[in-house]
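The structure appears right after this line, and notes come after that.
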Amino acid sequence: MSSPYEDFDLYTYFVELVKQIPEGKVASYLEIAKALGDPVAAVSCAYMQSELREAQNVPLHRVVRASGELGGYKTIEEVRGDTARLRDEGLTVRSGKVKFVDSHRFTDFETEYPLEKMKGEQEKLSERVSMDDDFDEDLIGAVDVSYDGRKGYAAFSYAEDDEYISRNRSMDANFPYIPGFLFYREYRFIKQLARNFGGTLLIDGNGLIHPRFFGLASATGVFLNKATIGVAKSLLLGRVKHNWVLYRDRKIGYVLNRNTIISPGHRISVDSSVDFMIGKYNHVYPEILKIAHNSTVKLRREQTKILEAS
DNA sequence: GCGACAG
DNA sequence: ATCTTGTCGC
Ligand SMILES: [Mg+2]
């Protein structure tokens, strides 16, 4: 295993934290996120709560917004159910909002702060990224994942002769989307599909453009020893000057067009990734990434149709 | 009101 | 990322 945390199940960790909240008390998404190790994950906690709504014996209703309002993308019926549960436990709830005092807030979580450890891991792993050019300019593949709740549908596509080939894979994600932690969510899918690919991999996301200079494209490149380039559709961080993406005095990427931002993953430099992408795709979003994306959407639609019928 | 964050 | 019909433009 290349990373001790690459298979880390944050949904399970979230559940274990929620189980620590005693009857009659509540915790906010922000408090849970802090216990996970990074306040940026607050919104992701609301998503996890929503995606875990079917879970049994987990007091998910005890997680509310800091304001006391019931969040987590609930339906009207779910708000009713949670209101009744909270009232049963002795709390006052009026129009979807818990009226509570400080003594009702649970903050004393027992935790190892996994996200903090992962940030440390990313910083360490970033030292293993190579910026020395060692990439195939002709054989290009692409990967992407789409989702229905926790269920992820992945595709790996590449061009052979004059046709596109795609392979798929679907499984549950064990990590939510958290900005700066995409690799813990999507790398598992990519690994399953592209492990044996010999070409250069385009990845829907960033490489060097990352708070710790170790985005999904960097992780994929380092772990699978492949040349990778991150191709994002929006800017995660940094400022743009003459199309170059600058961050902490470093040139980390390039804006190919309004919706295409590239950064090196592994085995390629910033300048070479720009030269290569402009030479190959001429400032246009790479078709192979669209092929991979469309394949994930098609698979998801087919599968959700089948799942609904059964 | 601030800040704004890949997928 | 996802929710979603028709509609505008090439
Ligand atoms: Mg994607």
Side-chain angles (χ1 to χ4, degrees), chain A residues 10-11 29-30 33 36-48 50-51 53 66-67 72-75 115 118-119 122 126 142-156 170-190 201-221 228-240 245 247-248 252-265 273 284-286 289-290 292-301 303-305 307-308:
Chain A
L10 202 77
Y11 284 87
Y29 300 105
L30 179 62
L36 288 173
D38 194 331
V40 78
V43 177
S44 308
C45 288
Y47 278 105
M48 285 193 281
S50 174
E51 288 162 8
R53 55 174 29 107
S67 62
Y73 314 98
K74 293 176 178 67
T75 63
L115 295 180
M118 291 176 188
K119 282 189 267 190
Q122 290 174 337
S126 71
V143 282
D144 194 16
V145 188
S146 68
Y147 297 89
D148 177 29
R150 256 187 98 165
K151 196 112 208 132
Y153 300 89
F156 161 59
S170 82
M171 60 183 178
D172 275 345
N174 59 15
F175 210 95
Y177 168 71
I178 306 172
F181 296 85
L182 182 61
F183 113 57
Y184 297 102
R185 178 167 171 83
E186 297 202 339
Y187 171 66
R188 293 169 61 244
F189 292 88
I190 298 174
L201 213 46
L202 302 187
I203 301 212
D204 184 29
N206 292 305
L208 244 204
I209 299 178
H210 186 273
R212 293 162 292 278
F213 308 104
F214 197 72
L216 176 62
S218 320
T220 302
T228 55
I229 298 171
V231 183
K233 298 182 288 293
S234 68
L235 189 62
L236 172 64
L237 54 80
R239 59 195 185 85
V240 180
V245 180
Y247 180 67
R248 292 201 210 161
I252 57 175
Y254 185 84
V255 180
L256 255 198
N257 67 49
R258 191 163 31 147
N259 248 326
T260 312
I261 298 133
I262 61 170
S263 61
S273 57
V284 175
Y285 190 83
L289 272 164
K290 291 188 189 173
H293 179 75
N294 291 341
S295 175
T296 69
V297 173
K298 187 170 177 235
L299 177 70
R300 172 165 53 84
R301 301 244 159 104
Q303 290 298 118
T304 51
K305 192 172 250 181
L307 288 173
E308 276 163 17

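The chains referred to below are lettered A, B, ... by the order of the sequence lines, with proteins before strands, and numbering in each begins at 1. Note: hydrogens, waters and symmetry copies are ignored here, and every other heavy atom, side chains too, is used. Note that the structure is predicted; figures quoted are calculated from it, not measured.
- Proximity of Ser234(A) to the phosphate of dC5(B): no side-chain N or O atom is located under 4.0 Å from OP1 or OP2.
- Base engagement by Gly180(A) is indicated by at least one non-hydrogen atom pair under 4.0 Å involving a base atom.
- A distance-only check finds a donor-acceptor pair linking the side chain of Asn257(A) to the backbone of Asn259(A) [under 3.5 Å].
- Counting only distance, with no hydrogens or angles, the side chain of His210(A) and the backbone of Gly180(A) share a donor-acceptor pair below 3.5 Å.
- Across all strands, Ile209(A) comes closer than 4.0 Å to no nucleic acid atom at all (heavy-atom distances).
- Using modelled atom types, one finds a donor on one side chain and an acceptor on the other under 3.5 Å when comparing Ser146(A) with Arg300(A).
- In this structure, Tyr177(A) forms an aromatic stack with the base of dG7(B), since both conditions hold: centre separation below 5.5 Å and plane angle below 30°.
- Tyr73(A) comes within contact range of no nucleotide atom at all, as no heavy-atom separation falls under 4.0 Å.
- In summary, the side chains of Tyr177(A) and Glu186(A) do not present any donor paired with an acceptor at a separation below 3.5 Å, with no hydrogens or angles considered.
- In this structure, Leu289(A) places its CG atom 13 Å from C1' of dG7(B), rounding to the nearest Å.
- As a whole-Å value, the separation of Tyr47(A) OH from dC5(B) C1' is 12 Å.
- Ser263(A) places a side-chain N or O within donor-acceptor distance of the main-chain N or O of Gly207(A), the cut-off being under 3.5 Å.
- Considering only side-chain atoms of Glu186(A), the nucleotide from dG7(B), dA1(C), dC5(B) that sits closest is dG7(B).
- Among the heavy atoms of the strands lying under 4.0 Å from Arg300(A) are primed sugar atoms or P, OP1, OP2 only; no base atom is included.
- Listed pair Arg185(A) / dA1(C) fails the phosphate criterion, with no side-chain N or O lying under 4.0 Å from OP1 or OP2.
- One atom, CG of Asp204(A), and another, P of dA6(B), lie 11 Å apart when rounded to the nearest Å.
- Atom CG of Leu30(A) is separated from atom P of dC2(B) by 20 Å (rounded to the nearest Å).
- Rounded to a whole Å, the CZ atom of Arg301(A) is 8 Å from the P atom of dT2(C).
- Distances shorter than 4.0 Å separate some side-chain N or O of Lys233(A) from OP1 or OP2 on dG7(B).
- Comparing dA6(B), dG7(B), dT2(C) against the side chain of Asp144(A) picks out dG7(B) as the nearest.
- We find that CD1 of Ile203(A) is positioned 17 Å from P of dA6(B), with the value rounded to whole Å.
- A straight line from CG of Leu236(A) to P of dA4(B) spans 12 Å, rounded to a whole angstrom.
- One interatomic measurement links the two molecules: CG of Asp148(A) to C1' of dG7(B), which rounds to 16 Å at whole-angstrom precision.
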